[in-house]
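Side-chain atoms are counted along with the backbone in the values below, which use heavy atoms only and exclude waters and symmetry mates. Both counts, for ligands and for their atoms, begin at 1 and track the order of listing. Numbers for residues simply follow the sequence, beginning at 1.
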Amino acid sequence: MTTTHKIASIPGDGIGIEVIEQTVRVLRTIEGLFQSFKLDINTLDWSSKKFLETGTYIPDDGWDVLEGSDAILFGAVGSPDVPDEISLWGLILPLRKKLNQYINLRPIRILPGLSAPLKNCAEKDLDWMIVRENSEGEYAGQGGTTHDDTPYTVANEVAVFTRVGIERTMRFAFDVARGRPRKKLTMVTKSNAQRYGLVLWDKVFYDVAKEYPDVEIDKMLVDLTVALAGSIGVAASSSLDPTRKNPSLFEPIHGSAPDIAGLGVANPIGTFWSAAEMLRWLGEGAAADLLMGAVETVTAAGLKTKDLGGSSSLAQVTDAVISELRTSYSKVSPMS
Ligand code: NAI
Ligand code: MG
């Protein structure tokens, strides 16, 4: 039986458009190899260009379109012509909020052939899943300003934490940890300085931990990490609604990179990796593994874009991944 997955694709701005275009080529290749599922990809032109023409990022019928989708593949939003807080709050943040994507999941691994700051100390060990709460704290969007445009302007940005919001995130993180080889969950917190919200965060962590005696825990105070895998261009993220009532969203962590937009040199690996996470979330684990295997073969062979110290173009890296997908699929499935 053939399943059809409905994907809403939102390329957005800048290199988002370029990396999504190449990722759709990759997905079409995978769809052609696997006869068991089809991808119905609906490309939505929601962008800063459209905003400047129409005054909105998400059109009136937009939410209906998204609600009928199984997943969203997102590039990046942000343009030198629009203030960043307008574009972020016009597109990506409302998607995450309205679609109840309260989990942001970021797999971090050093891919073969890449050099990264922690490579020598952690080549084997650096294999993390970062679980970030995606709807409260600094993403709550509560606050305001008064005395605007005077020397006395006051602005506040309220970080909101709810027990419900923390608890569901902790459970998700413990489940992720339980499903991995080390079964270890580290809580990264700043509860030394933020003594209300993040202290509640700590408390709920230890409460929920009692339900997961098989998961080892520890706690770390940190201001934050993450450019550890070599380049921002290789990192992937998923904004998930674990209840699956709404479509989840998959995107590279980078932005629209206006400095290199249109040059055909953007690194597509973060978007490929995000597409692999999307396939996995849709139940297509074999297709996700095939894609990540092809990406790793290509990086190991030294085919890299400029940000990773290489000289290959966006299209060359994509062509190599596509050709590797075909080769490795025919090895695992000699009938095709
Ligand atoms: P950025 O991630 O777009 O770029 C930072 C630096 O990394 C630039 O030098 C860029 O050339 C490089 N870079 C990023 N992705 C790359 C890739 N795939 N391949 C090679 N090099 C890459 O972050 P920046 O410059 O702070 O923001 C630019 C715009 O993107 C802003 O409008 C910002 O608001 C927006 N943005 C959007 C995000 C989203 O859509 N979720 C996330 C982060 C920023
Ligand atoms: Mg992004």
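The closest approach between a heavy atom of Gly270 and any atom of ligand 1 is not below 4.0 Å. Residue contact annotation: Thr305 has no non-hydrogen atom under 4.0 Å from ligand 1.
Evaluated by nearest non-hydrogen atom to atom 18 (N) of ligand 1, the leading choice among Thr271, Asn267, Leu93, Leu314 is Asn267.
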Could you walk me through whether Glu136 and Thr162 pass the side chain to side chain donor-acceptor pair (under 3.5 Å) test, one step at a time?
CA-CA 8 Å; Glu136 302 191 336; Thr162 67; 2.5 Å; yes

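Among the atoms of Gly255, some N or O lies under 3.5 angstrom from an N or O of ligand 1. Considering backbone and side-chain atoms alike, Val77 places an N or O below 3.5 Å from some N or O of ligand 1. The shortest N or O to N or O distance between Arg96 and ligand 1 is not below 3.5 Å. Polar contact with ligand 1: present for Ser256 (N/O pair, distance under 3.5 Å).
The cationic group of Arg244 lies under 6.0 Å from the six-membered ring centre of Trp281 and within 45° of the ring axis, placing it in a cation-pi geometry.
Taking every non-hydrogen atom of Ile232 and a distance limit under 4.0 Å, the qualifying atoms of ligand 1 come out as 2 (O), 7 (O), 13 (N), 14 (C), 15 (N). Of all atoms in ligand 1, numbered sequentially from 1 with element shown, those under 4.0 Å from a heavy atom of Phe74 are 40 (O). Listed by number with element, the atoms of ligand 1 under 4.0 angstrom from any heavy atom of Pro258 are 28 (C).
The pair Glu167-Arg171 meets the salt-bridge criterion, since a charged nitrogen lies less than 4.0 angstrom from a carboxylate oxygen.
Contact annotation: for Val265 versus ligand 1, there are no heavy atoms closer than 4.0 Å. With a 4.0 Å cut-off on non-hydrogen atoms, Lys306 does not touch ligand 1 at all.
For residues 9-31, there are no ring-ring contact (aromatic ring centres under 6.0 Å, His included) pairs, not counting sequence neighbours. Within the structure, no pair that satisfies the ring-ring contact (aromatic ring centres under 6.0 Å, His included) test touches residues 140-169, not counting sequence neighbours.
No side-chain donor from either of Ser248 and Asp241 sits under 3.5 Å from a side-chain acceptor of the other.
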